[in-house]
There are 2 protein chains.
Amino acid sequence: MVESRRGASHRTPRLTPNNHESARILVGDCVAQMATLPAESVDLVFADPPYNLQLQNDLRRPDDSKVDGVTDDWDKFGSFKEYDEFTHAWLKACKRVMKPSATLWVIGSYHNIFRVGAILQDLDFWILNDVVWRKSNPMPNFRGRRFTNAHETMIWASRDPGGKGYTFNYEALKAGNDDVQVRSDWTFPLCTGDERLKNSDGKKLHPTQKPEALLARVILSASRPDDLVIDPFSGTGTTGAVAKKLGRRFIGFERDPDYAKAAIKRINAVAPLEAPSIAPFVTAREAQRVPFSALIERGFISPGANLVDSKKRHKALVRADGAVMLGEKVGSIHRIGALAQGLEACNGWTFWHVETRKGLLPIDDLRAKVRAEMN
Amino acid sequence: MVESRRGASHRTPRLTPNNHESARILVGDCVAQMATLPAESVDLVFADPPYNLQLQNDLRRPDDSKVDGVTDDWDKFGSFKEYDEFTHAWLKACKRVMKPSATLWVIGSYHNIFRVGAILQDLDFWILNDVVWRKSNPMPNFRGRRFTNAHETMIWASRDPGGKGYTFNYEALKAGNDDVQVRSDWTFPLCTGDERLKNSDGKKLHPTQKPEALLARVILSASRPDDLVIDPFSGTGTTGAVAKKLGRRFIGFERDPDYAKAAIKRINAVAPLEAPSIAPFVTAREAQRVPFSALIERGFISPGANLVDSKKRHKALVRADGAVMLGEKVGSIHRIGALAQGLEACNGWTFWHVETRKGLLPIDDLRAKVRAEMN
DNA sequence: CTTGCGAGTGAATCATTAG
DNA sequence: ACTAATGATTCACTCGCAA
């Protein structure tokens, strides 16, 4: 059950694995609240900080109706310096609670994203991508003085330089994208219709509610089921709702009790998806390691057999110990494959084949059979 | 004639209005060279500074070939601090020579653009838009560890807060975009093929040459004929070549004499377009609907070409910005098509044709090709 | 003439584990 | 800490040449 807590009186949250209901909103300043979390406990951060918009005057549409812009107090900063200090503080708080393998996403517009990005770099985060959210239905530029502001920018960064060990569900994303790598520009419509939370008067409850589709792609890209996701500026709880739906644990931080209340109600109404639909995609990269010798031990290949490449230009002899020979040279399937081609490196699993009655069979297919046996 | 000058010995450049051949490259450090220009003399700045890529190791494709990355000395900086100082210096030099009405464009990637943007704001520039160049054919992510880095970011800023009085050819852009406002995300292919300058050995002359279509849209958006355009990091002279073609004056700055030499040769070979195809126009606001300028940007139709109807009863002149002219009247393909027939409305896509060796071709067929390119 | 195929390439912060 | 070994990995487009 989602619960709301005020103040910093509680200790370490009790977060049990496989409890998909462990989602909560902590009401208060995110920097103070994050201090209550243990260090290195978080897998993924998504942050939608105030944009520091600096709207000077009312903006009016051609029919003279007033555009309902962001004029809330939480978006007021006196200067870039003040905004930078604020940004520095919450990013540093995030860094403390992030696991070494964690990554962080921040969304913003040209008003604030350059400051956020520079501070991220100054704090020794490591930018992995900037990702553009292209809005399929942006608000036009009513004055005709600029290009239609049709996108927002997200920065995806790992905690430390080099950025190793982070989660990126490459194969799953690619499979869902007609087998083509997902690019750094994503197209989604704005959050409208039933998804947009409304006040009792029918007005939008929050000025910058993000679409769930955007959060779903973020969470599916960079986390796994049961991971802990946090959102320092939780607002109406979009991140929490999507995290819960996708079987991730969640902690949100929100200063405004009304937003927090709405978020709790919203998250409570979410039913997590069934496990199979969110189960991690087991890929070759993540699968249990099967050494080449296992193919011999299991009888899929006999010592003394020959390996050939797909065009039968090279032939290697299989030794009983799992090494292979090409002429006088002995080595791994990878090293000998590289040697055969005169290359620095080679994936022996895809390079080498065995001859069968039905033609050439990549030894990678035999590895798949061994893996199946092991499960 | 384009000329190259070394050092800072010359005085104020003599730049006569309506002299479309007044394009020059000054060889040397751009900050030192800009100091030789008078204050408040420039209308438009386009800058493609070093990105500070910080590449560590070499990268290989799946076929083990090596990726030809940017390893030039001019992209090496010791630290963010050093890069920031460099950025601060050239932006400040730009600000001095900019007219109060001038605007500046900077292009970059996530490696540097956040620092550039923050420094722009610190220097009291006023960001008008960030514009995303979506690459239709980016290099993939070979290791499958990130999203395909498929875009670069441009920042468009006016010299002073409030940003009043700057040039934005809203009507022409809209007319060239089938009567829809141009958005902040632009799609263009990389600079390849004949447009890409090559060394005598057939290798690319410059590692980061930008496509002319991108520069054309920048210059058409934010300047007028005879305006003075400068480029602090002129490289192979793309900005100068496009500026000359579009009837703008140009001064480029380039440290490397070899690049400067190639740029001069390139710019000398450019013939300015005829005046009618680039003349600014002002119309009442019009409303209608679908991108004609893409056909020009992609090279399917040349500025100055004629469109005709299927029976060759009407003929319209194609402008560089994507609007078309019939007599004195300027507007979108739809509006001008309607005007030609004395009708209220017209679908310009099916009405207008281009003449080819094989006969008349509806421009809608060309649109289909562009669509195919963009997918 | 067109079509097909193989090679090449573009601003890229592009790995993890065992020893 | 480091080195060495293992192993995973590409999209859109252009050009040249063969068929």
Side-chain angles (χ1 to χ4, degrees), chain A residues 101 121 125-130 156-158 161-166 168 170-171 174 177-184 283-287 289-292 322-323 331-338 344-351 364 367, chain B residues 48-72 74-77 80 107-113 133 135-153 187 189-196 198 202-204 206-211 233 235 372-375:
Chain A
S101 61
Q121 292 178 315
F125 284 86
W126 188 253
I127 299 179
L128 298 166
N129 278 116
D130 58 336
W156 181 37
S158 65
K164 298 194 191 302
Y166 60 88
F168 179 54
Y170 173 77
E171 287 85 356
K174 184 176 172 179
N177 192 41
D178 295 343
D179 292 323
V180 178
Q181 290 186 343
V182 173
R183 298 167 40 117
S184 56
T283 66
R285 178 178 278 151
E286 297 160 340
R289 203 179 91 86
V290 176
F292 179 65
S332 71
I333 50 172
H334 311 295
R335 198 101 317 273
I336 296 300
E344 285 292 314
C346 164
N347 180 348
W349 289 110
T350 53
F351 180 72
D364 208 26
R367 180 168 64 161
Chain B
D48 183 9
Y51 286 11
N52 190 22
L53 285 185
Q54 309 167 62
L55 304 179
Q56 312 284 353
N57 307 105
D58 64 359
L59 175 65
R60 289 178 178 272
R61 302 168 197 272
D63 67 3
D64 206 48
S65 63
K66 193 159 170 265
V67 173
D68 183 17
V70 179
T71 53
D72 305 67
W74 50 254
D75 197 43
K76 299 250 188 298
F77 293 87
F80 282 131
I107 186 166
S109 68
Y110 65 82
H111 309 84
N112 71 323
I113 199 66
W133 169 29
K135 303 176 184 181
S136 56
N137 52 348
M139 186 162 70
N141 184 290
F142 295 114
R143 294 291 189 162
R145 300 298 300 158
R146 305 178 177 195
F147 299 98
T148 308
N149 197 356
H151 74 275
E152 293 185 27
T153 301
T187 306
L190 297 168
C191 178
T192 59
D194 289 340
E195 190 186 320
R196 188 91 195 210
K198 306 289 199 307
K203 299 285 184 187
K204 59 190 175 191
H206 192 284
T208 71
Q209 187 181 338
K210 297 293 178 288
F233 308 96
E373 263 190 20
M374 293 169 72
N375 295 335

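Heavy atoms only: backbone and side chains are in, while hydrogens, waters and symmetry mates are out. Labels below follow one simple rule: chain letters A, B, ... track the order of the sequence lines, proteins then strands, and each chain is numbered from 1.
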**Prompt:** Is A:Ser332 touching bases, backbone alone, or none of the nucleic acid, heavy atoms closer than 4.0 Å?
**Reply:** sugar-phosphate

**Message:** Considering every strand and a 4.0 Å limit on heavy-atom distances, what is the contact class for A:Gly165: base, sugar-phosphate, or nothing?
**Reply:**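 The answer is sugar-phosphate, as A:Gly165 gets under 4.0 Å only of primed atoms, P, OP1 or OP2.
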
**Asked** Are there more than 12 heavy atoms of other residues, nucleotides or ligands under 6.0 Å from atom CZ of A:Arg183?
**Response**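 Yes, because the 6.0 Å sphere around CZ of A:Arg183 holds more than 12 heavy atoms from other groups.
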
**Message:** With a cut-off of less than 4.0 Å, is there a side-chain N or O of B:Arg143 near OP1 or OP2 of C:dA15?
**Reply:** yes

**Message:** Taking only side-chain N and O atoms of A:Tyr170, does any of them lie within less than 4.0 angstrom of OP1 or OP2 on D:dT10?
**Reply:**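 Checking A:Tyr170 against D:dT10: at least one side-chain N or O falls below 4.0 Å of OP1 or OP2.
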
Can you tell me how far [atom2] of [N] sits from [atom1] of [X], to the nearest Å?
X	N	atom1	atom2	answer
A:Trp156	C:dC14	CH2	C1'	11 Å
B:Arg60	C:dT9	CZ	P	14 Å
A:Gln181	D:dA12	CD	P	9 Å
A:His334	C:dT16	NE2	C1'	13 Å
A:Ile333	D:dA5	CD1	P	15 Å
B:Glu195	D:dC13	CD	P	15 Å
A:Trp349	D:dT6	CH2	P	12 Å
B:Asp63	D:dA12	CG	P	17 Å

**Prompt:** Going by distance alone, is a donor N or O of one side chain under 3.5 Å from an acceptor N or O of the other, for B:Ser109 and B:Glu152?
**Reply:**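 There is no such pair between these side chains.
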
**Request:** Establish, yes or no, whether the cationic atom of B:Arg146 lies under 6.0 Å from the six-membered ring centre of A:Tyr166 and within 45° of the ring axis.
**Result:**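 That pair does not qualify as a cation-pi contact.
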
**Request:** Compute both the distance and the angle, then confirm whether B:Lys135 meets the cation-pi test with B:Trp133: under 6.0 Å from the six-membered ring centre, within 45 degrees of the axis.
**Result:** yes

Distances under 3.5 Å between protein N/O atoms and the N/O atoms of nucleotides 10-12 of chain C, please, pair by pair.
from, atom 1, to, atom 2, distance (Å)
C:dG10, OP2, B:Lys204, NZ, 2.7
C:dG10, O5', B:Lys204, NZ, 3.2
C:dG10, N7, B:Arg61, NH1, 3.4
C:dG10, N7, B:Arg61, NH2, 3.0
C:dG10, O6, B:Arg61, NH1, 2.5
C:dG10, N2, B:Asn137, O, 3.1
C:dG10, N2, B:Pro138, O, 2.9
C:dA11, OP2, B:Arg196, NH1, 2.7
C:dA11, OP2, B:Arg196, NH2, 3.2
C:dA11, OP2, B:Pro207, O, 3.1
C:dA11, N7, B:Tyr51, OH, 3.4
C:dA11, N7, B:Lys210, NZ, 3.2
C:dA11, N6, B:Asp48, OD1, 3.4
C:dA11, N6, B:Pro49, O, 2.9
C:dA11, N1, B:Tyr51, N, 3.0
C:dA12, O3', B:Asn149, ND2, 3.1
C:dA12, N6, B:Leu59, N, 3.3
C:dA12, N1, B:Asn57, O, 3.1

**Item:** C:dA15 base / B:Arg145 side chain donor-acceptor hit below 3.5 Å
**Value:** no

**Message:** Can you identify which nucleotide, out of D:dA8, D:dC15, C:dC14, has its nearest atom closest to the B:Asn141 side chain?
**Reply:**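 Nearest listed nucleotide: C:dC14.
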
**Asked** DNA chain D: stems of at least 3 consecutive Watson-Crick or G-U pairs, cut-off 3.5 Å?
**Response**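 So far as stems of 3 or more pairs are concerned, DNA chain D shows C:2-10 with D:11-19, C:15-19 with D:2-6.
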
**Message:** For B:His111 together with A:Trp126, are the ring centres under 6.0 Å from each other?
**Reply:**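 No, the ring of A:Trp126 stays outside the 6.0 Å limit from the ring of B:His111, centre to centre.
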
**Prompt:** Who are the salt bridge (charged side-chain N to carboxylate O under 4.0 Å, His left out) partners of B:Asp72, not counting sequence neighbours?
**Reply:**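 For B:Asp72 there are no salt bridge (charged side-chain N to carboxylate O under 4.0 Å, His left out) partners, ignoring immediate neighbours.
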
**Request:** Please work out whether the ring planes of A:Trp156 and A:Phe168 are parallel, tilted or perpendicular, with thresholds of 30° and 60°.
**Result:**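 It falls in the tilted class, 30° to 60°.
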
**Asked** Between OG1 of B:Thr208 and CG of B:Asp48, what distance do you get to the nearest 0.5 Å?
**Response**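 Output value for this atom pair is 5.0 Å.
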
**Request:** Give, for atom SG of B:Cys191 and atom CD of B:Gln209, the distance between the pair rounded to the nearest 0.5 Å.
**Result:** 4.0 Å

**Salt-bridge criterion met for B:Asp68 and B:Lys204 (N-O under 4.0 Å)** =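 Yes, charged N to carboxylate O under 4.0 Å.
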
**Asked** Closer to the 5' end of DNA chain C via nearest nucleotide, is it B:Lys203 or A:Ile127?
**Response**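 The residue whose closest nucleotide sits nearer the 5' end is B:Lys203.
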
